[in-house]
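By convention in this document, chain letters (A, B, ...) are assigned in the order of the sequence lines, proteins followed by strands, and residues within each chain are numbered from 1.
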Amino acid sequence: MTLKTLLMGAVATAALAPAAFAERGADGEVSIIYWQAPSILNPYLSGGTKDIEAASLVVEPLARYNEMGEMVPFLASEIPTVGNGGVSEDLTTITWKIAPGMMWSDGTPVTSADVKFTAEYCMHPEGGCAQAAFFDGVENVEAIDDLTVKVTFNQPKPNPYGPFVGGQSPIIQAAQFADCLGAKAPECTEANFNPIGTGPFVVDDFRPNDVIQYSANPNYRDPAKPAFAKVTFKGGGDAAAAGRSVLETGEFDYAWNLQLAPDVIARMESAGKGKAIAGFGPLVERIEMNMTNPSPDLPPETRATVAEPHPFLSDIRVRKALSMAIDRPLLVEVGYGQAGKVTCDLVPAPAMFASGDMHCATQDIEGAKALLEEAGWTDSDGDGVREKDGMELSVLYQTSTNAVRQDFQALIKAWWEEIGVETELRNLDASVFFGGDPGSPDTFQKFYADVEMYANTFNGTDPQQYLAAYRCGNEPRPESQWQGENINRFCDPEYDALIDELARTGDIEKRAEIAIKMNNMLTKDTYTIVPLVHRGRVSAHVNDLGGVKLNVWDSELWNVADWYRIN
Amino acid sequence: MTDQATDPLAALKDKEPSKPPRSQWIDVWEQLKHHKGALFGGGFLIFITLAVIFGPYIWQVDPQALDIRNRDMRPIYVALWDGNAKVGWFRPLGTDNLGRDILANLIAGGRASMAVGWAAMILALVIGTGVGVVAGYFKKADFWLMRLTDLVLSLPILPLLLVAVTLFREPLRASFGPEGGMFILIVSVVGLTSWMQTARIVRGDILALKEREFILAARSIGTTPGKIIRRHLLPNVVSPIMVSATLGLATAIITESALSFLGVGFPSDFPTWGKLLADAVQRMEQYPERVVLPGILISLTVLGVNYLGDGLRDALDPRIRGR
Amino acid sequence: MLTFTIRRLILSIPTLLFISLVIFLLLQLAPGDPMAQVPLTVPPEVKQKMREALGLGQPLHVQYYKWMVQFFWIEPQVLFDHWFGTTFAEGKQRVISWQTRSPVMDIVVQRMPQTLWVVGLSYIVGILIALPIGIYSAYRQYSVFDQTGTFITMIGFSIPPFFTGPLLIVLFSVQLGWLPSIYDTTLVVTDWATFKLQFFQMIMPVMVLALQTTAQLSRYMRSSMLDNLGQDYVRTARAKGLREGVVVMVHVLRNSMIPVITVIALGVPAIFGGAIITENVFKVNGIGQLLLTALFANDIPMVMTLTFIFAILIVLFNLIADVLYGVLDPRIRYD
């Protein structure tokens with residue numbers, strides 16, 4: 001009871017003063033629920049979003065992306081650019097300056113040695129670092145002085161903001177992790193569960209895959225922040241229960257990533273306890289066309305490899321007809337509501353990289369039928385399925401198990417059958433589908449189906465890496481243990497030339513132009529990838545939680561230091 | 001009594017049977033007829049079986065047909081208290097969030113659920129009873145069979161299913177089609193992983209029974225083990241078997257739904273009662289009928305089997321029969 | 001009986017070793033990849049490095065041998081160290097989870113309290129409700145009590161917990177606001193107020209689980225009692241003037257316990273296994289939730305260790321059941 005009165009008092013004080021001038025810890029406790037539970041607080045040992053975001057309360061990078069996708073300095077004093085001399089003219093080095101006076105939560109100063117150590121930690125060959133891609137091309141990291149650190153790349157990097165930027169590559173303390181390099185990384189349980197950081201909170205108690213308790217960092221750089229003295233971070237369950245605990249019962253203050261049908265969220269919101277917020281990154285739900293033949297009759301060495309072109313999907317008219325038959329606005333309405341937009345782009349955001357072309361926005365069943373007729377596919381035996389040269393137009397359509405995806409499958413199957421394409425559905429356990437087990441026939445890389453549906457995105461705001469995936473030879477195949485990112489087995493030398501050109505170009509306008517051209521080559525020019533929905537992320541917070549700015553470019557909890565209790 | 005008293009010799013004579021001896025099954029039927037629960041249960045099972053078999057011919061709506069304009073319709077009875085509800089006689093039980101007809105889905109789902117439930121339950125029952133009887137009666141087999149039981153009990157079902165799907169889906173799909181193949185796979189996995197309890201219970205009972213005097217008597221007059229098992233032991237373990245059957249049917253239906261829920265079951269366009277129920281849980285406040293209807297059907301089916309089992313048990317027990 | 005127990009205990013060692021091998025092979029054979037939950041934005045070559053860091057590339061027999069040594073040799077040393085303050089296990093590699101990179105046994109120990117509280121309590125509640133219901137239903141067969149009991153337990157059994165759980169939450173948490181919908185595993189009972197909180201948060205999961213136990217046990221109890229109530233020895237007992245209570249509760253009950261003991265014994269390992277669906281619905285985050293997340297993350301050391309612990313419990317409790325048969329019915333002989 002006393003605690004409650006105290007809290008009420010604190011809340012009243014907070015209400016009198018504007019939030020920014022509130023006292024540290026004045027607003028008591030905030031509780032956050034993630035339906036996937038964090039299992040480790042070291043982002044370098046886990047690629048999982050849940051782990052990265054739970055760690056982002058504690059460890060911070062030099063710079064983050066804000067909710068608009070712009071870079072803002074966190075531990076650094078400013079963002080290095082070619083303009084201010086931080087990035088060399090030849091784009092091979094970037095020099096970061098740590099803002100003076102930054103402290104670790106144990107009271108020691110942050111120095112360039114910590115930054116250098118972070119790079120060593122992740123680049124150690126035996127460490128199995130999950131964020132190694134951010135350090136791709138880094139030749140060395142040197143400490144110029146206590147607060148200055150210079151990163152040198154082995155080739156010009158038009159986008160040098162990979163290492164130490166964003167929630168995935170925060171700075172860890174050299175003193176704490178000194179003995180945890182390489183193969184010893186997993187043995188440092190204490191450090192992995194309780195990293196010393198610079199963020200607004202410190203870990204009190206971490207229970208893997210269950211709950212984390214944090215309290216305010218006494219050495220945080222802004223003496224007035226964070227407004228909350230304690231954070232409870234609960235994990236586990238499912239999205240519906242997480243949404244319910246915020247929007248309907250108010251037991252929790254913030255729920256992450258509510259992947260629920262729009263009517264379910266709307267109904268939860270109608271309880272009046274909180275609201276759902278949406279933000280859009282580059283995440284696109286798409287149908288991928290298999291350019292190779294997945295027939296089980298083929299030997300395993302050539303099945304679904306470039307040696308065997310697909311019997312009918314290699315014809316662009318069939319792919320285009322399949323795309324034309326889809327009513328995207330309806331998919332958005334049924335599956336995502338305010339958390340989705342119709343898109344025909346593989347790169348729908350940031351705005352300057354998006355073509356914005358909406359050729360696919362309206363369904364055209366008749367046009368699709370006509371196109372199939374033109375391609376020689378006719379329903380000669382009257383069974384409702386088109387055929388050509390004795391082959392039925394029948395597709396196997398696979399995706400992972402997820403309520404919205406199964407609704408999409410049902411709708412798309414209905415439209416495809418309307419244009420005379422027989423459709424068999426298959427849904428697979430996500431841990432198998434997205435796993436890379438070369439022994440399993442059901443992974444999305446193996447693609448033992450004609451079309452498959454999933455969502456993909458890229459880190460940060462630059463799509464270079466993402467578009468480079470569709471290079472000839474980068475396709476999953478038996479020799480590469482079915483690893484590779486060119487899922488469709490797309491191959492076009494002209495496209496490969498554009499990949500190289502993009503990697504050389506530093507001018508941002510020019511980069512956008514090339515990226516849009518590449519985007520179009522994959523989508524409207526060839527229908528290799530058929531984008532369906534530009535997906536946003538929906539999270540929810542209770543009405544009296546202030547300061548939340550949903551950020552899809554970085555950790556959602558990026559500005560937790562600014563959160564406060566309204567009245 | 002009176003005429004026997006008049007002629008003392010007549011009492012010593014064997015009476016001629018007035019009618020030929022009745023078969024045991026007629027007796028059983030006689031007894032079952034008077035068991036109201038059993039009649040109700042059996043009647044309901046026959047009704048539901050006929051309904052799911054012949055339903056699609058009477059209610060000729062394609063359960064997979066999408067009708068976006070008429071989605072989220074309520075059942076017709078909602079109109080009784082809510083005049084504004086979206087209802088219509090052409091969709092008597094309403095539609096789901098994609099406009100699929102719920103009545104048609106319940107019928108189609110019933111086919112799958114009943115088939116999976118019965119097939120898996122019978123498979124589990126046959127294996128369980130077989131293993132239990134053999135282990136209980138033959139001391140040599142006991143150790144190995146019970147260790148096998150321990151082994152199967154310890155296997156985690158989810159990885160087991162994933163392995164089975166990986167190994168057998170393609171060959172089964174090739175020979176029985178995508179749905180038939182999946183059906184065989186699921187029935188086998190559910191059946192093969194749920195017989196252990198029955199086996200242990202039956203074995204426990206048999207261990208106690210075989211030390212009883214009537215078994216000793218049967219053995220002493222040279223009855224073969226096979227006959228002892230069939231004639232003397234099995235009839236005495238009918239009641240735990242009946243309970244296992246009842247619970248097994250429910251377990252099989254629910255396990256199937258949990259499997260579809262986890263994405264290792266039937267394809268998503270193949271409805272079953274359990275899956276209809278699982279899919280509708282998120283919207284149970286707005287559309288309670290979508291959870292309640294399949295839920296009631298599962299419950300009533302299980303209750304029906306249970307009552308029928310109760311009646312059969314009573315009817316098969318000669319001590320109770322004729323009481 | 002003693003020799004039988006000892007012999008069986010010794011024989012269970014090779015049995016368990018064989019079971020561990022089968023589980024290991026099954027998990028190796030199962031499709032899935034510990035990298036499945038890593039976002040698609042992480043490139044394949046990085047994932048490959050991560051796999052190697054987990055020791056995935058090693059041959060099967062090496063992986064199995066390593067697990068055996070860690071589980072049977074190093075983990076007991078850790079336990080010994082913990083009890084007696086020694087340092088035998090220092091610096092030795094324990095069974096490490098792939099998800100958390102921390103020792104599996106530490107997490108298991110951390111999860112035990114909530115699982116034992118919720119699942120264990122629900123089991124006891126279930127048994128305490130089921131046995132009287134089963135006995136009385138059989139004694140008064142086809143009475144109103146029997147019919148109602150049958151009806152409720154069968155409905156309870158045929159409705160899956162993924163429906164009853166959310167239903168209770170909607171009723172008691174959302175509509176009435178009486179009970180919390182999310183279990184707080186960090187709550188420590190120190191005084192009356194925290195005890196009340198603990199009590200309130202346990203009500204719903206315990207009830208959902210107890211319903212399942214009750215339904216199952218009461219059916220077996222009832223049918224077994226019915227079998228025995230018609231036997232001659234019951235008539236004899238009554239004829240020699242024993243009180244009805246003694247006849248039913250001593251004579252009949254004891255003879256009816258064999259199937260019930262089997263079901264109870266089979267259920268105890270399941271307590272430690274937690275309740276996968278119910279734990280998830282109420283966010284109890286015990287052993288069941290641990291197993292489920294480990295399965296989805298393909299965390300093989302975790303799954304392997306958990307399932308093997310269950311296997312030990314299963315073998316042990318089946319042995320206990322066998323011993324109890326002999327106690328309940330001295331005619332049963334094993335040698």
S.K.: Non-hydrogen atoms of chain A under 4.5 Å away: do they reach the side chain of C:R111, the backbone, both or neither?
M.R.: side chain

S.K.: Check each atom of A:F433 against the heavy atoms of chain C and say whether the ones under 4.5 Å are side chain, backbone, both or neither.
M.R.: neither

S.K.: Heavy-atom cut-off 4.5 Å, strictly under: side chain, backbone, both or neither for A:Y44 against chain C?
M.R.: neither

S.K.: Quick one, C:P103 and A:T189 - any side-chain contact, counting heavy atoms below 4.5 Å?
M.R.: yes

S.K.: Could you look at C:T293 and say if it's the side chain, the backbone, both or neither that has a heavy atom under 4.5 Å from chain A?
M.R.: side chain

S.K.: Flag yes if more than 12 heavy atoms outside C:W117 fall under 6.0 Å of its CH2 atom; otherwise flag no.
M.R.: no

S.K.: Under 3.5 Å, is there a donor-acceptor pair between the side chain of A:E251 and the main chain of C:S181?
M.R.: yes

S.K.: Would you say C:F199 has more than 12 foreign heavy atoms packed within less than 6.0 Å of its CZ?
M.R.: no

S.K.: Can you tell me how far apart CZ (A:F193) and CZ (C:R101) are? Round to the nearest 0.5 Å.
M.R.: 10.5 Å

S.K.: Using non-hydrogen atoms and a 4.5 Å limit, figure out which bit of C:Q28 sits close to chain A: side chain, backbone, both or neither.
M.R.: neither

S.K.: Using heavy-atom distances under 4.5 Å, tell me whether A:C188 contacts chain C through its side chain, its backbone, both, or neither.
M.R.: neither

S.K.: Taking every heavy-atom pair that is under 4.5 Å apart, which of A:E248, A:K234, A:Q445 has the most such pairs with chain C?
M.R.: A:K234

S.K.: Could you tell me which portion of C:I169 (side chain, backbone, both or neither) has an atom closer than 4.5 angstrom to a non-hydrogen atom of chain A?
M.R.: side chain

S.K.: Using heavy-atom distances under 4.5 Å, tell me whether A:A271 contacts chain C through its side chain, its backbone, both, or neither.
M.R.: neither

S.K.: Between C:L290, C:V174, C:N298, which residue shows the highest count of heavy-atom pairs closer than 4.5 Å to chain A?
M.R.: C:V174

S.K.: A:E190 versus chain C, heavy atoms under 4.5 Å apart: side chain, backbone, both or neither?
M.R.: neither

S.K.: With only heavy atoms counted, which part of A:Y454 is less than 4.5 Å from chain C, the side chain, the backbone, both or neither?
M.R.: side chain

S.K.: Where does A:P476 contact chain C at under 4.5 Å (heavy atoms): side chain, backbone, both or neither?
M.R.: neither

S.K.: How long is the straight-line distance from CZ of A:R244 back to OG of C:S173, given to the nearest 0.5 Å?
M.R.: 8.5 Å

S.K.: Can you tell me how far CG of A:D210 sits from OH of C:Y183, rounded to the nearest 0.5 angstrom?
M.R.: 10.0 Å

S.K.: With only heavy atoms counted, which part of C:I182 is less than 4.5 Å from chain A, the side chain, the backbone, both or neither?
M.R.: both

S.K.: Atom CG in A:N209, atom CD in C:Q110: separation rounded to 0.5 Å?
M.R.: 10.0 Å

S.K.: Do the side chain of C:K283 and the main chain of A:A241 share a donor and acceptor less than 3.5 angstrom apart?
M.R.: no

S.K.: Once rounded to the nearest 0.5 Å, what's the spacing between atom CZ of A:R207 and atom OG1 of C:T186?
M.R.: 6.0 Å

S.K.: Would you compute the distance between atom OG1 of C:T100 and atom CG of A:L45 and round it to the nearest 0.5 angstrom?
M.R.: 10.5 Å

S.K.: Please classify the contact between A:F134 and chain C as side chain, backbone, both or neither, with a heavy-atom cut-off of under 4.5 Å.
M.R.: neither

S.K.: Determine the option with the most heavy-atom pairs under 4.5 angstrom with chain A, choosing from C:A297, C:P180, C:S97.
M.R.: C:P180

S.K.: Which region of A:I33, side chain (C-beta onward) or backbone (N, CA, C, O), has a non-hydrogen atom less than 4.5 Å from a non-hydrogen atom of chain C, or is it both or neither?
M.R.: side chain

S.K.: Based on non-hydrogen pairs under 4.5 Å, which of A:S39, A:A133, A:S46 is most in contact with chain C?
M.R.: A:S39

